[in-house]
Amino acid sequence: MNRISKAFEKNKAFIAFVTGGDPDLDTTEALIPQMAQAGADLIEIGIPFSDPIAEGVVIQAADERALKAGTTTDKLFDMVRRVRKKTEVPLVFMTYINPIYTYGAEKFMKRCVECGIDGIIVPDVPFEEREEISAICESAGIKLISMIAPTSKERICMIAKQAKGFLYCVSSLGVTGVRSQITTNIGEMVQQVKAVSDIPCAVGFGIATPQQAQEMASCSDGAIVGSAIVKIVAKYGKECIKPVCDYVQEMKDAVLSA
């Protein structure tokens, strides 16, 4: 069984996002295993990129900090390899197609396998164009995570039938970021998926409070939190590990109570 499947095996999953190299690689390396211990069932690692079109201001700023700190894709691969010796938590890269092409898609997936990455999310590759990298991911054993949004409508079933690992359900239109309210009918989106596939569905974009996490997990298989965690990292810098882990524990408890 793939590590990603295990994240959803027992209970609702809490998925946490961090920007790799923010505020520096040493902090990210120390933070990931601690987040897993605090209750994160799966951790997304953002590869810092100069043009992160799906990200709001919080993660854009984190990308800038990470790049200024000297973070590169190769350094991230090396860091993940070291982290993998300390934890078996599923690890997924969040990146864009440009860095993958620049690196070389086959070489990128090979490095993912070598360091222990389980999947990748590439928000700027439409489902209809995923063939450009899906075959390379498949042969490497890397899960290419698909996304559905409130605007996907009739495409939801088509995407769900071919989804790998888990399905990332985008809760709101627009870019990532903390939202005071989430008004999308997530339950309806998830029902459409479950009618054609048993793929786990996790909801992300905008979740920041325990109440939001509980609400989203109650109608899906888990909640994804990114910007709220990145804000804590921005506030505390190298001293972020305890406050981030306290927050992860609180959010995990909320997901489990759904």
Side-chain angles (χ1 to χ4, degrees), residues 1-5 7-8 13 15 17 20 42-55 59 73 76-77 80 90-176 184 186 189-190 192-205 220-222 224 226:
M1 182 184 283
N2 172 275
R3 273 187 288 250
I4 292 175
S5 303
F8 297 91
I15 299 174
F17 170 94
L42 185 151
I43 297 173
E44 295 177 16
I45 304 166
I47 297 179
F49 180 46
S50 56
D51 189 23
I53 57 172
E55 310 299 0
I59 295 176
T73 305
L76 272 178
F77 281 129
V80 171
L91 297 173
V92 171
F93 270 145
M94 172 81 106
T95 187
Y96 292 87
I97 195 63
N98 196 319
I100 294 175
Y101 276 156
T102 302
Y103 199 87
E106 290 188 8
K107 182 184 171 190
F108 184 92
M109 300 312 162
K110 185 170 180 283
R111 290 297 308 271
C112 283
V113 172
E114 288 170 356
C115 72
I117 286 286
D118 301 290
I120 62 167
I121 303 168
V122 192
D124 61 341
V125 173
F127 178 79
E128 289 80 4
E129 295 171 22
R130 70 201 305 269
E131 287 78 14
E132 294 183 30
I133 55 171
S134 60
I136 300 169
C137 290
E138 187 106 19
S139 63
I142 299 293
K143 303 293 184 188
L144 178 57
I145 311 299
S146 295
M147 305 177 91
I148 56 171
T151 52
S152 298
K153 302 197 182 297
E154 67 280 351
R155 296 168 72 247
I156 289 177
C157 291
M158 177 179 72
I159 295 169
K161 283 177 184 174
Q162 295 187 46
K164 309 286 184 186
F166 72 93
L167 195 54
Y168 192 127
C169 303
V170 177
S171 69
S172 313
L173 297 178
V175 295
T176 58
T184 302
I186 297 297
M189 285 171 67
V190 172
Q192 282 183 263
V193 172
K194 298 298 184 182
V196 297
S197 172
D198 60 359
I199 190 88
C201 297
V203 184
F205 276 52
S220 70
D221 300 301
I224 305 166

Please check this pair: side chain of [X] against backbone of [Y], looking for a donor-acceptor N/O pair closer than 3.5 Å.
| X | Y | value |
| --- | --- | --- |
| Asp124 | Ile97 | yes |
| Lys110 | Ala105 | no |
| Asp118 | Leu91 | yes |
| Ser139 | Ala135 | yes |
| Ser152 | Ile148 | no |

Would you check if [X] and [Y] make a side-chain contact, meaning some heavy-atom pair closer than 4.5 Å?
| X | Y | answer |
| --- | --- | --- |
| Ile120 | Met109 | yes |
| Thr73 | Thr102 | no |
| Leu144 | Val125 | no |
| Ile15 | Phe166 | yes |

Neighbour count above 12 (heavy atom, 6.0 Å) for Glu138 CD: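 Result for CD/Glu138: open.
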With a cut-off of 6.0 Å (strictly less than), are more than 12 heavy atoms of other residues, nucleotides or ligands near NZ of Lys161?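 For Lys161, atom NZ is not crowded (no more than 12 foreign heavy atoms under 6.0 Å).
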Do the rings of Phe77 and Phe108 sit parallel, tilted or perpendicular, given the 30° and 60° boundaries?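 Judged by the thresholds at 30° and 60°, the geometry between Phe77 and Phe108 is perpendicular.
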